[in-house]
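Residues take their numbers from the sequence shown, with the count starting at 1.
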Amino acid sequence: MAVSITLELEQARRKASDFRNRKSRHFIDHILVQVQAGHGGDGCVAFHREKFVEMGPAAGGNGGAGGSVFVRADPSLHSLARVSKQAIGKNGGHGRGDWLHGRTGETFTLHVPVGTTVKSLGRTQNEREEAVAEYLEDLFATRRSKIDIEETPSLHASRSAVWRHFPRYEDENYVRSHFASAEQKLQSEIRAERKIERSRRAEERSAASLSRHLDESESNEWSIDLAKPTPPDSPGILLARGGNGGLGNPHFVLDQYRSPKVATRGGPGESLLVSLEYKQPSDVGLVGLPNAGKSTLLRCLSRADAEVGDYSFTTLHPNLGVMRLDEQGQHIDAPGASDQPEVARLTVADMPGLVDEASQNRGLGHDFLRHIERCGQLVYVVDIGPTNTLPSQDIAILNRELDAYRPGLSDRVAFVVANKADLLGTDAVPVAEAQAKLARLQKDVDLLFAPRKVTVIPVAAKYRQNVQRVVQMLNALQTPHLHTSRQSRTT
């Protein structure tokens, strides 16, 4: 019987844990993405043929350029959960006869939430780059190597990865004198491509071209903060540029040799590894220790379905809510509120509870703190109930952890919400003692934030008592923001 009860309790515990984590599974704020631009299409070796033209000119088309990879900040996304772990551009189309060039490969656009920081971890070498690297290095060497399939098999294979040949002409092409001229033409093309790349401005270059290789000891410094939505008319930020298309055999025509039977394969697309770190932006962030009542307060200020419970760490990821206000700054979603049209709104985020030494990444400290960094204003929520004898100590911990993570972050604190005030002024805690506790908390807050004045507002979020006072404070703090919203809506 005891074993059966133990199994039932274990099953109940697992079920409760799954229930708590059901939303957090769909929220991801940090991922790695392998970026691979498309390779260029191969050039074609072909000759024009038609009636009464038995020996036409070289007519092979060029290959199409590979598709590039861009990243865009999309305001409709609020998590990295659905962002692809691989961003791969399409390869360019191969050239064809009758001077038909290959199609340009389709670009790949990586959509990420607004507030995502994209950081390059380094360029990676794809298979196409690795295959042609040895031959291209030898091509620009002061002294060229003698390429032989038996003596230098790897160099021979690398050369074959660069050139295309008319059927059954590969061995013959390599020994003909005109092949040296074809290699010189290829050198000129590569030099021109490199010159164009060097002449591009920094904002026109790709993230891959501005990054060091992944295996280099020096760290990569390229990163961009997508704090604002990407304009609709912009393709986004270029992460990796597609490879150039190969050259068709008309490019290798010589006065002494009018029928070249060689073409080049498409160039490799750029590739790199990037880190995506999402910092959820909001107008106001509710910050506090675990089980202080932040989620309950968020439910009072908005229609957010934040999970609440009488245990620590009910919030495992930031919850967003929208506080809607009418023309007079009254809370529209409050019980018994008048049916007035919405003219302004504030985005309020319920941050997961911080713990002592969170700035040292204790627990999931940095995972939580990165979202606080995005909030325009911060509101501390502290437990002022009978079990917390010194709530000002919680505020001191929060200040220390925020400033340790980013100096000056505690300067964004607008006011302090003293939650669970309904547990004061009862038979267990007399009214006079409750008033003294609030007065002492306000005095300690004045010392902690001096010379700045920070107000303490007692509330009972569970019963929505004095929540309107919090709404008024938020309305006063965000007045410029509200005026802007009203004007935009009027327009």
CD (Gln34) and CG (Leu272) are apart, to the nearest 0.5 Å, by 7.5 Å
Show the numbers, then the answer: is there a side-chain contact (heavy atoms from CB on, under 4.5 Å) between Asn399 and Phe449?
-> CA-CA 9 Å; Asn399 278 350; Phe449 290 95; 3.6 Å; yes
Test salt bridge (charged side-chain N to carboxylate O under 4.0 Å, His left out), reference Asp225, set Lys279, Lys119, Arg374, output is Arg374
To the nearest 0.5 Å, atom OG1 of Thr116 lies from atom NE2 of His111 at 12.5 Å
| query | Heavy-atom count around Lys85 NZ within 6.0 Å, excluding the residue itself: above 12? | reply | yes
Q. Heavy atoms, side chains only, cut-off 4.5 Å: are Val382 and Leu289 in contact?
A. no
Query - Heavy atoms of other groups near Gln125 CD, more than 12 under 6.0 Å - result: yes
Quiz item: Should Val322 and Val348 count as side-chain neighbours, where that means a heavy-atom distance under 4.5 Å?
Solution: no
### Close side-chain approach of Pro113 and Leu80, heavy atoms under 4.5 Å
yes
Only residue of Tyr169, Phe179, Tyr174 satisfying ring pair (Phe, Tyr, Trp, His ring centres under 6.0 Å) with Trp163 is Phe179
Distance col, row Asn126:CG vs Glu130:CD, nearest 0.5 angstrom, shows 9.0 Å
Can you confirm if the aromatic rings of Phe47 and Phe166 lie within a centre distance of less than 6.0 Å?
yes
Does CD belonging to Glu197 count more than 12 external heavy atoms closer than 6.0 Å?
yes
Exercise. Can a cation-pi geometry be assigned to Arg194 and Phe140, taking NZ or CZ under 6.0 Å from the six-membered ring centre and within 45° of the ring axis?
Worked result: yes
Query raised in the report: Would you say Arg205 has more than 12 foreign heavy atoms packed within less than 6.0 Å of its CZ?
Result: yes
Q: Tell me, yes or no, whether the heavy-atom count around Leu210 atom CG, taken from other residues, nucleotides or ligands under 6.0 Å, exceeds 12.
A: yes
**Request:** Could you walk me through whether Glu204 and Arg241 pass salt bridge (Lys or Arg N to Asp or Glu O under 4.0 Å), step by step?
**Result:** CA-CA 11 Å; Glu204 295 176 341; Arg241 193 182 303 276; over 6 Å; no
d(Glu183 CD, Ser188 OG) to nearest 0.5 Å is 12.0 Å
>> Using the rule given for salt bridge (Lys or Arg N to Asp or Glu O under 4.0 Å), can you reason through Arg412 versus Glu373, listing the C-alpha separation, both sets of side-chain angles and the distance that settles it, and then say yes or no?
In response: CA-CA 10 Å; Arg412 300 185 191 179; Glu373 187 179 359; over 6 Å; no
- Would you find more than 12 non-hydrogen atoms of other residues, nucleotides or ligands less than 6.0 Å from Glu134 atom CD? yes
| Flag if over 12 foreign heavy atoms under 6.0 Å of CD, Glu170 | yes
Check: Side chains of Asp283 and Gln377: is there a donor and an acceptor less than 3.5 Å apart?
Finding: no
Q. Is the closest side-chain heavy-atom distance between Phe252 and Lys261 below 4.5 Å?
A. no
Taking CZ in Arg82 as the centre, count heavy atoms belonging to other residues, nucleotides or ligands within less than 6.0 Å. Is the count above 12?
no
